[in-house]
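Notes for the one structure printed next.
Only a predicted model underlies this, so the values are computations on that prediction, with no experimental measurement involved. We number each residue from 1, following the sequence as shown. Heavy atoms only: backbone and side chains are in, while hydrogens, waters and symmetry mates are out.
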Amino acid sequence: MTYLHRFESMVREIEKNNFLEIVEYRANPPISETQVKEVEEALKVPLTDPIKKFYREADGLYLRWRIDPFLDAEKTKRLQKMSNDYEISIAESENQAFARINLVSLYESVKKCNWVGVEPTFEDQPPTVMFNNHTLKRKEFIDLLRPLDLFSLDSYMAFVFQPGQNEPKVILLSEANSIWDQSRVSNFETYLEFLLATRGVVEAREKHFLSTDIKFKNTLIKGTDYWKKRTPKMFR
């Protein structure tokens, strides 16, 4: 089953859930082969197979779903009891979605670096950055970042495209796009599996990718079996 078919299957599952409703779902047209070549030329490395596979199916994908705002008291209490792994918010706003996936166009991410007006600066951090055993000037590190999943106004998932490395790292930028060094380091394939398992619950990003405990500041490279065990309780 393709990545896009798996996302569409997930959307159908949410639609059938009596506690939930889809606010919006759309998948962009596939990236063209010409655009793939332009992206690879810009990065000066070939893209990995998982990246090309997904974006050849859809050059970006958006999904927002929420708890049905018209649930009666009995159903709300039942949902909260069965879903104590995440905070259940009935009255949510556009800026504080319970669940959102906003995978931006790879072409626009790399070629235009479109952060939708919120570009990372890390102003309060030291002038140099240690990342993946490399010491970089702060601006050099920022220049390696490209938007991946703009799921919130306060936190984003980003690619880190390092020179000469064809598998970009994936990290969480938190606190209005200003903090990066509390994120566990992942890759694109792991992140897709994470999204499919957690159904895009916003709180799940911090739960799995954010850590202030030095013991957990390691890589997070996991496959389907790992994430299946971390599906939100409301879907089990």
Side-chain angles (χ1 to χ4, degrees), residues 3 39-40 42-55 61 100-104 106 109-110 113 115 118-152 154-198 200-231:
Y3 282 128
V39 167
E40 291 181 327
L43 296 172
K44 296 182 173 60
V45 288
L47 295 168
T48 62
D49 288 340
I51 292 176
K52 286 191 284 191
K53 180 181 177 183
F54 174 79
Y55 289 100
L61 180 150
R100 181 190 277 125
I101 298 170
N102 186 14
L103 296 172
V104 300
L106 179 67
S109 175
V110 172
C113 197
W115 289 96
V118 188
E119 195 167 349
T121 58
F122 311 136
E123 291 177 352
D124 297 328
Q125 296 196 19
T128 59
V129 169
M130 174 65 75
F131 184 80
N132 199 31
N133 298 319
H134 289 81
T135 301
L136 303 165
K137 292 180 181 178
R138 187 171 59 197
K139 185 179 184 309
E140 290 176 328
F141 179 64
I142 291 172
D143 287 344
L144 300 179
L145 300 175
R146 293 293 184 275
L148 167 58
D149 184 5
L150 302 181
F151 64 89
S152 165
D154 297 317
S155 300
Y156 311 89
M157 299 301 298
F159 281 123
V160 187
F161 285 105
Q162 295 176 274
Q165 298 186 21
N166 74 330
E167 181 170 67
K169 304 295 188 291
V170 170
I171 61 173
L172 172 65
L173 305 181
S174 55
E175 296 186 28
N177 223 7
S178 63
I179 303 294
W180 68 271
D181 57 356
Q182 294 178 0
S183 174
R184 300 177 72 184
V185 179
S186 189
N187 65 10
F188 181 71
E189 190 170 17
T190 293
Y191 189 63
L192 285 187
E193 294 298 338
F194 158 83
L195 289 178
L196 288 161
T198 62
V201 172
V202 168
E203 189 183 341
R205 271 80 161 196
E206 290 191 1
K207 181 174 183 177
H208 293 287
F209 286 92
L210 194 63
S211 176
T212 56
D213 190 331
I214 192 66
K215 291 186 300 182
F216 299 107
K217 286 187 179 177
N218 52 13
T219 57
L220 182 59
I221 311 293
K222 302 291 184 180
T224 307
D225 291 342
Y226 175 88
W227 291 113
K228 278 182 178 178
K229 298 175 183 177
R230 287 152 181 83
T231 301

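If you take NE2 on His208 and OG on Ser183, they are separated by 13.0 Å, rounding to the nearest 0.5 Å. Distance check, rounded to the nearest 0.5 Å: CD1 of Ile142 to CG of Leu144 gives 10.0 Å. Here the OG1-CD distance, from Thr198 to Glu203, works out to 11.0 Å after rounding to the nearest 0.5 Å. If you take CG on Leu43 and CZ on Phe161, they are separated by 5.0 Å, rounding to the nearest 0.5 Å. With values rounded to the nearest 0.5 angstrom, Asp154 atom CG is found 12.5 Å from Ile179 atom CD1. Summarising the geometry, atom CG belonging to Leu61 is positioned 9.0 Å from atom CG belonging to Leu195; distances are rounded to the nearest 0.5 Å.
The nearest pair of heavy atoms linking Thr128 to Thr135 is CB-CG2, 4.2 Å. Ala42 and Val110 get closest at one heavy-atom pair: CB-CG1, 4.0 Å. For the residue pair Leu192 and Leu103, the shortest heavy atom distance occurs at CD2-CD1, 4.1 Å.
Classified by interplanar angle (parallel below 30°, tilted 30° to 60°, perpendicular above 60°), the ring pair Trp180/Phe141 is tilted. Between Phe194 and Tyr191, the ring planes are parallel. Angles under 30° get that label, and only those over 60° would be called perpendicular. Relative ring orientation between Phe209 and Trp227 is described as parallel, the plane-to-plane angle staying below 30° on a 0-90° scale split at 30° and 60°.
Cys113 places a side-chain heavy atom less than 4.5 Å from the side chain of Arg146. Put simply, the side chain of Met157 does not reach to within 4.5 Å of the side chain of Phe188, judged on heavy atoms.
Neither side chain, Arg205 nor Tyr156, offers a donor N or O lying under 3.5 Å from an acceptor on the other.
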Side chain to side chain contact (heavy atoms under 4.5 Å, CB included) between Phe131 and Val185, worked out: CA-CA 10 Å; Phe131 184 80; Val185 179; 4.1 Å; yes
Worked verdict on Leu148 versus Val104 for side chain to side chain contact (heavy atoms under 4.5 Å, CB included): CA-CA 6 Å; Leu148 167 58; Val104 300; 5.8 Å; no
Evaluation steps, side chain to side chain contact (heavy atoms under 4.5 Å, CB included), between Leu196 and Thr224: CA-CA 9 Å; Leu196 288 161; Thr224 307; over 6 Å; no
CA sep, side-chain torsions, deciding dist, call: Gln162, Lys169, side chain to side chain contact (heavy atoms under 4.5 Å, CB included): CA-CA 8 Å; Gln162 295 176 274; Lys169 304 295 188 291; 3.8 Å; yes
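Panel note: side chain Ser174, backbone Ser155; no donor-acceptor pair is recorded below 3.5 Å. A distance-only check finds a donor-acceptor pair linking the side chain of Glu40 to the backbone of Leu47 [under 3.5 Å]. Proximity of a side-chain donor or acceptor of Ser186 to a complementary backbone N or O of Val170 within less than 3.5 Å is not detected.
By the 4.0 Å N-to-carboxylate-O rule, Asp225 lies too far from Lys229 to be salt-bridged with it.
When Asp149, Ile171, Leu106, Asn187 are each tested for a side-chain contact (heavy atoms from CB on, under 4.5 Å) with Phe159, only one passes: Leu106.
In Lys207, the NZ atom is crowded: over 12 heavy atoms of neighbouring residues, nucleotides or ligands sit closer than 6.0 Å.
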